[in-house]
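Nothing here was measured: the structure is a model prediction, and the numbers come from that model. The figures that follow rest on heavy atoms only: side chains count, while hydrogens, waters and symmetry mates do not.
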Amino acid sequence: TTAETYANKYKSASDPSPENDYLIAQTLFVQKKFTEAINTAKSIITQTNGNPRPRVYRLLSYSYMVSKDTATACQYANQFFTKQTNEDEIYASDYLMHAQACGKSNPDVILADIDKAKRKDPEQAVRVLKEALADARESGNKALEGSLSLFLYGLQGANANPQQLVSIGILFYQGGELQRADSLFQVYNKSYADSIYGYYWSARLNAQID
C-alpha cells in the first residue's frame with residue numbers, strides 16, 4: 001500500500017504516460033486487487049493503440065490465472081510471446097506462466113514450456129513440473145501424470161532409478177496409452193531381468209491389446 005501511495009504521487013507529478021499506469025497496475029497486483037490491475041492494464045493497451053510493452057500482457061496473464069480464468073490467461077500469455085521478440089526479456093517464469101495457463105490438460109504444451117524454462121532456470125522448471133504433476137494426480141488424469149512423471153524422470157539424468165519405470169508405466173496403462181506403457185516395462189525388464197514386475201504388467205497389457 002505504501003508503494004501504491006508513492007506510485008500515485010509519482011504519476012501525479014509526471015507527464016501522462018502509460019509507464020506511470022504500469023506502476024499502478026503492479027502495486028494493485030501485489031495487493032491482490034486483480035480486477036483493478038486488469039482494468040489498469042487494459043487501459044494501458046487502449047492508450048497505446050494496442051501496442052503496449054509486452055510486460056503488460058504478462059501482468060494480465062498472471063492476473064487472470066490467479067482469478068481462476070485460465071482460458072483468458074492463456075490468450076494473454078500467447079500475446080506476450082507474440083509481442084516479446086527479445087529473447088533476453090523472456091524469463092523462465094514466462095514459459096512456466098504459459099504452461100500453467102495453456103497446458104492444463106495438454107502434456108505437449110506443458111512439457112515444451114518446461115523444456116524451454118529449464119534452459120534458463122532448471123530449479124524453477126522442476127518446481128513447476130512437480131506442481132503440474134500434483135494437479136494431474138489430483139484430477140485423476142493418469143496419462144498426463146505419466147507424461148509429466150516420465151519427463152521428471154528424464155531430468156534426473158544419471159541419478160534416475162529404472163525401478164521408477166514400472167510405476168510410470170502403470171500410469172500410462174491406466175490412462176489407456178498401452179504402447180507407451182509397454183515400452184517402459186520392456187526397458188525395466190532389461191535392467192531387472194530377475195524381477196517379475198515388468199513381465200507381469202507387460203503380460204496384463206498385452207492381454208488387453210490381444
Apply salt bridge (Lys or Arg N to Asp or Glu O under 4.0 Å) to [X] and list each qualifying residue two or more places apart in sequence or on a separate chain.
X: R204; answer: none
X: E87; answer: K120
X: E89; answer: none
X: K116; answer: none

Quick one: which residue pairs count as a disulfide (SG to SG under 2.5 Å) with a foot in residues 83-115, not counting sequence neighbours? C74-C102

Name all pairs fulfilling the disulfide (SG to SG under 2.5 Å) condition that reach into residues 154-210, sequence neighbours left out, sorted by first residue then second. none

Could you go through the side-chain contact (heavy atoms from CB on, under 4.5 Å) check for K42 and V56 one step at a time? CA-CA 8 Å; K42 287 183 175 180; V56 174; over 6 Å; no

Qualifying ring pair (Phe, Tyr, Trp, His ring centres under 6.0 Å) pairs with a residue from [range], counting only residues at least two apart or across chains:
range: residues 132-179; value: Y173-W201
range: residues 77-107; value: F81-Y95, F81-H98
range: residues 45-72; value: Y64-Y76

Just wondering, more than 12 heavy atoms not from Y192 lying within 6.0 Å of its OH? yes

Which atoms form the tightest heavy-atom contact between [X] and [Y], and what is the distance?
X: P52; Y: G50; result: CD-C, 3.4 Å
X: D113; Y: A99; result: OD2-N, 3.2 Å
X: Q84; Y: I90; result: CG-CG1, 3.5 Å

[X] with [Y], same ILVMFWY side-chain cluster at under 4.5 Å:
X: Y199; Y: I168; answer: no
X: L144; Y: L111; answer: yes
X: L28; Y: L23; answer: no
X: L155; Y: L133; answer: yes
X: L96; Y: V126; answer: yes

Using side-chain heavy atoms (C-beta onward) and a distance below 4.5 Å, is [X] in contact with [Y]?
X: I110; Y: L148; value: yes
X: L129; Y: E131; value: no
X: Q75; Y: N78; value: no
X: Y22; Y: L59; value: yes

Is the side chain of N161 donor-acceptor paired with the backbone N or O of Q164 at a distance under 3.5 Å, no angle test? no

Given 3.5 Å as the limit, does a donor-acceptor pair link the side chain of S61 with the main chain of R58, or not? no

Answer yes if the side chains of S149 and E145 hold a donor-acceptor pair under 3.5 Å, and no otherwise. no

Regarding T48 and N51, is there a side-chain donor-to-acceptor distance under 3.5 Å anywhere? no

Tabulate below the donor-acceptor pairs under 3.5 Å that side-chain atoms of residues 30-38 make, not counting sequence neighbours, or state none.
residue : atom : partner : partner atom : Å
Q31     : NE2  : E4      : OE1          : 2.8
Q31     : NE2  : T27     : O            : 3.1

Report the residues that fulfil side-chain contact (heavy atoms from CB on, under 4.5 Å) with I209, sequence neighbours left out, ordered by chain and then residue number. L178, Q179, L205, N206

Measure the spacing between CD of Q174 and CG of N141 and express it to the nearest 0.5 Å. 12.0 Å

Can you measure from CD1 (I44) to CZ (R55) and round to the nearest 0.5 angstrom? 8.0 Å

Pair K118 + D121, salt bridge at N-O below 4.0 Å: no

Quick one: side chains of residues 180-188, donor-acceptor pairs under 3.5 Å with protein atoms, not counting sequence neighbours, listed by atom name and distance.
residue : atom : partner : partner atom : Å
R180    : NH1  : S147    : OG           : 3.2
R180    : NH1  : E177    : OE1          : 3.1
D182    : OD1  : Q186    : NE2          : 3.4
D182    : OD1  : S202    : OG           : 2.6
S183    : OG   : R180    : O            : 2.6
Q186    : NE2  : S202    : OG           : 3.1
Y188    : OH   : S195    : OG           : 2.8

